[in-house]
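Heavy-atom basis, side chains included; hydrogens, waters and symmetry copies ignored. In this chain, numbering begins with 1 at the start of the sequence shown.
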Amino acid sequence: VLCFGGLGAVTFSATVQPIISNDGRNWMNYGTAITASGVGPSPGQAQATGTGNYAYFSAIVTAIAGAGAKARCIMNA
């Protein structure tokens with residue numbers, strides 16, 4: 001998870017919940033939520049690893065805070 005803040009010394013954070021599916025319709029949580037945080041223009045990052053054979057991966061942003069904060073979740077197979 002990468003979290004980006006706005007300009008200045010603004011504190012920011014984002015939490016995402018990875019989700020998985022084998023049919024693209026029925027989704028379930030994969031592991032626990034991941035939270036990244038930081039201050040100012042530098043991105044905050046956090047990671048988690050897991051193994052599983054699923055056809056679809058996605059994530060839901062469950063919380064985001066800080067002026068101009070943005071979140072990005074990158075999943076690699």
Enquirer: Taking side-chain contact (heavy atoms from CB on, under 4.5 Å) as the definition, give me every residue that meets it alongside T62, ordered by chain and number, with sequence neighbours left out.
Expert: T15, Q17, I60
Enquirer: Once rounded to the nearest 0.5 Å, what's the spacing between atom CD1 of I19 and atom CG of N26?
Expert: 11.5 Å
Enquirer: Could you tell me which non-hydrogen atom of A69 sits nearest to which non-hydrogen atom of A65, and how far apart they are?
Expert: CB-O, 3.4 Å
Enquirer: Which heavy atom of P18 sits nearest to which heavy atom of I34, and what is that distance?
Expert: CG-CD1, 3.8 Å
Enquirer: Quick one: do Y30 and M28 end up in the same hydrophobic cluster if we chain Ile, Leu, Val, Met, Phe, Trp and Tyr together by side-chain heavy atoms under 4.5 Å apart?
Expert: yes
Enquirer: Closest approach of A46 and A36, non-hydrogen atoms and distance?
Expert: N-CB, 3.9 Å
Enquirer: Indicate the atoms forming the closest heavy-atom contact of A67 with V10, along with that distance.
Expert: N-CG1, 3.8 Å
Enquirer: Indicate the atoms forming the closest heavy-atom contact of V61 with A71, along with that distance.
Expert: CG2-CB, 4.3 Å
Enquirer: Partners of Y56 by side-chain contact (heavy atoms from CB on, under 4.5 Å), sequence neighbours excluded?
Expert: S21, W27
Enquirer: Can you name the nearest heavy-atom pair linking F12 to V39, along with the distance?
Expert: CE2-N, 3.5 Å
